Every structure is written in structure tokens, then in C-alpha cells.
2 protein chains.
Amino acid sequence: MLDDDAARLQARGYRLTGPRRVIIAALRDAGRYCTASQLYERLRGRSVGLASVYRTLELLADLGLAERRAEAGGEGSFLYCSPRHHHHVVCTGCGTVREIDACPGDDLARAVERETDFRIDRHKLDFYGVCAGCRTTG
Amino acid sequence: MLDDDAARLQARGYRLTGPRRVIIAALRDAGRYCTASQLYERLRGRSVGLASVYRTLELLADLGLAERRAEAGGEGSFLYCSPRHHHHVVCTGCGTVREIDACPGDDLARAVERETDFRIDRHKLDFYGVCAGCRTTG
DNA sequence: AGTCGCATTGACATCGATTCTCAATACGCA
DNA sequence: TGCGTATTGAGAATCGATGTCAATGCGACT
């Protein structure tokens, strides 16, 4: 787990416990959306309870270190991500997710404000495609 | 319910039943994300079963006429939307959602392809802000 | 390094959303 | 209008997510 994450946890008064270290590391290393039970499986033998996985994922989402998504089957899944503004590219082949800097920017947000008379605060953008590895592998 | 929706259902071999008409109309008129039980409540007295609400929402999502989202509390919610390419503006005050034409376009997608070596197929963009009504109402 | 308070944990109970089951119904076609 | 079959409603069953609680261990303060 990154020092930055540890600092972020403790800045909010949370303790840096063993289970949290392990869960966060597993989510970060996965590099894709994971469900609580997937992480729980991956951590078998490390004596981490399923409830702690849920609690930690919830905590990360609250800290801005993870993003929650709706699974097709209704199961919730989480993606580790950095707290700065960024967007994602998701490989529809293998599920890998990468953060990107590309951003539509304020110009488009202002255009939307003119079109709708909303005051825009933030936006969320995801790209879907096929990564280099999945293209060559077939 | 719109004729276009009916055509789309039947083009895929699905029957245009009473419950489906009612559920689709309710979702469309809501103009925001709705959970199955919210729609079920709204249809009390019309003898529509909860299971049918779930089944119809699933069907709409499959037909591209509804978009699924993860609720904070884990409950799934659906938004009626048109099958053409579009994006959304969500009011963080009242929950109203409007479709917009504004789009980052292919230029940004190509920039992402250069940055990541992914082959981009599609993207999804949501704006969040406050609508005119919620600004004046406070 | 030792002690102590309290946040956190694991195991299991519980809750609640979603799906399954199945006989009854009604849509769409001839 | 009649028939075959997809669809329905009701309730059971499933399974993801959260609550409970005594035991544990993090970290602040000596």
C-alpha cells in the first residue's frame, strides 16, 4: 500500500490496520473493478473477514481512493484510483482499467450550462475499448 | 409509452403487454433514476407485480432503452433514455436527469488511443450540477 | 518498551434486494 | 374467434450487504 494512502487514512483519524493494508494492496494490484467477494477469495488464508472487506471498500470510496460501480448482476464492485481528477479507460476484453489525463475540460461544461441552464460542478467520463494485449492475443 | 419503444420491443420478438406499457411509461415520466421498488410503489392498484418490474427494467436495459446505475446503498436504479448516442446531466438537488447533445467527440477518443494504445469503441459521460429550479428554490 | 482506551476486527445473525418457480393469464398470429 | 406460448403475479428461495458483539491490536502517552 502506498504511503500516500496511509497518510490519507490517518489524516481522517482512521487507523492503519493489518487487514486494511492487505485489502487496499489487493484492490490496487488488481488494476480493475473488483467485488468484495472476489477480494475476499484472493485473501483466503490471510484471516481477513468478509465484513472487513466490505467496510474497507466503503471507507476507500468515502476517502476518494476507490470508485464504486454497478455490476451487471447487481453486485457492487470497486476500483482503486487516485484522488486527483482523472478519467478511465476500460478494456472490454480483460477488464483492465487505466487512468488517463485526457479530459473534455471546462469548455464543454460551459456549453452544457448554456444548453441546459444547469450549474455544472463535476463530470465523469469513461472510455471503453480493447487494450493492446487483448488485440494481439485475439 | 412511445410507439418507438413498442416497435423496438416487437422487433426483438417481445410482446407488448399491459404491465410492460405501464412500467415503461412510469419510468419515462419519472425523468430520473428509479429503483424497482419505487416504480412498484408508484404502480400500486394497477396490479403489477414486483417481479415484473424487475423483469421489465432488465429488458429495457438490454434493449438500450434504460441505463442501470449503482445506488449508494447498493440498490440498483434505472433511467429511461433514448437509444441514440447522448450524455446526461444530473441535478444533485432534485435528481432530475436531462439528455444532452454535447459530446467530447472523436478527437478526444483519438487522443486517448494515442495515450494508452487502447482501441476506443465508445464512451460514457455524465455531468453533475444544479438545475435552474433547485437554484432558485434554494 | 510498557500501558491503556477505544477503533477495528472476525464470525455469524440478520436484513433486504433480486431472482426463481409455477400455475394462470393474455398477447399475437392464423 | 381459437390456439400456442410468452408473460404474469404471488410467494418461496437465494444471495449480497449490513448489523451485532466480544476479542483484538493500533497508537498515543508515559
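Below, each value reflects all heavy atoms present in this structure, side chains not excepted, and no hydrogens, waters or symmetry copies. Since the model is a prediction, treat every value here as computed from it, not as a measurement. Proteins get letters first, then strands, A, B, ... in listed order; numbering begins at 1 in each.
With the nearest nucleotide of DNA chain D identified for both B/G18 and A/R55, B/G18 has the one nearer the 5' end. The residue among A/P19 and B/Y14 whose nearest nucleotide of DNA chain C lies closer to the 5′ end is A/P19.
As judged by a 4.0 angstrom heavy-atom cut-off over every strand, A/S47 is placed among residues touching the sugar-phosphate backbone only.
Remark: B/E58 engages B/R68 in a salt bridge, criterion side-chain N to carboxylate O under 4.0 Å. Ionic pairing of A/D107 and A/R110 is present here: one or more N-O contacts between side-chain nitrogen and carboxylate oxygen are shorter than 4.0 angstrom. The residues A/R42 and A/D29 are annotated as not salt-bridged, no charged nitrogen and carboxylate oxygen being separated by less than 4.0 angstrom.
B/L50 has its CG atom 17 Å from the P atom of D/dA13, to the nearest Å. Computed from coordinates, the A/L57 CG to D/dT18 P distance equals 10 Å when rounded to whole Å. One atom, CG of A/L16, and another, C1' of C/dT9, lie 15 Å apart when rounded to the nearest Å. One can place CG of A/L39 at 14 Å from P of D/dG16, the figure rounded to the nearest angstrom. One can place CG of B/L59 at 14 Å from C1' of D/dT8, the figure rounded to the nearest angstrom. When rounded to the nearest whole Å, the span between CZ of B/R69 and P of C/dA17 equals 16 Å. In this structure, CD of A/E75 is placed 17 Å from P of D/dT14, rounded to the nearest angstrom. The interatomic distance linking A/Y54 (OH) with D/dC15 (P) rounds to 13 Å, in whole Å.
The ring of A/H123 has its center closer than 6.0 angstrom to the ring center of A/H85.
Between the side chains of B/E67 and B/Y33, at least one donor-acceptor pair of N or O atoms lies under 3.5 Å.
Close to D/dG27, at under 4.0 Å from its OP1 or OP2, lies a side-chain N or O of A/Q10. Taking only side-chain nitrogens and oxygens, B/R15 never comes nearer than 4.0 Å to OP1 or OP2 of D/dT5. Within the 4.0 Å cut-off from OP1 or OP2 of C/dT9, at least one side-chain nitrogen or oxygen of A/R20 is found.
Out of D/dT7, C/dT18, D/dA10, the shortest distance to the side chain of B/T17 is found at D/dT7. Comparing C/dT18, D/dT8, C/dT9 against the side chain of A/S52 picks out C/dT9 as the nearest.
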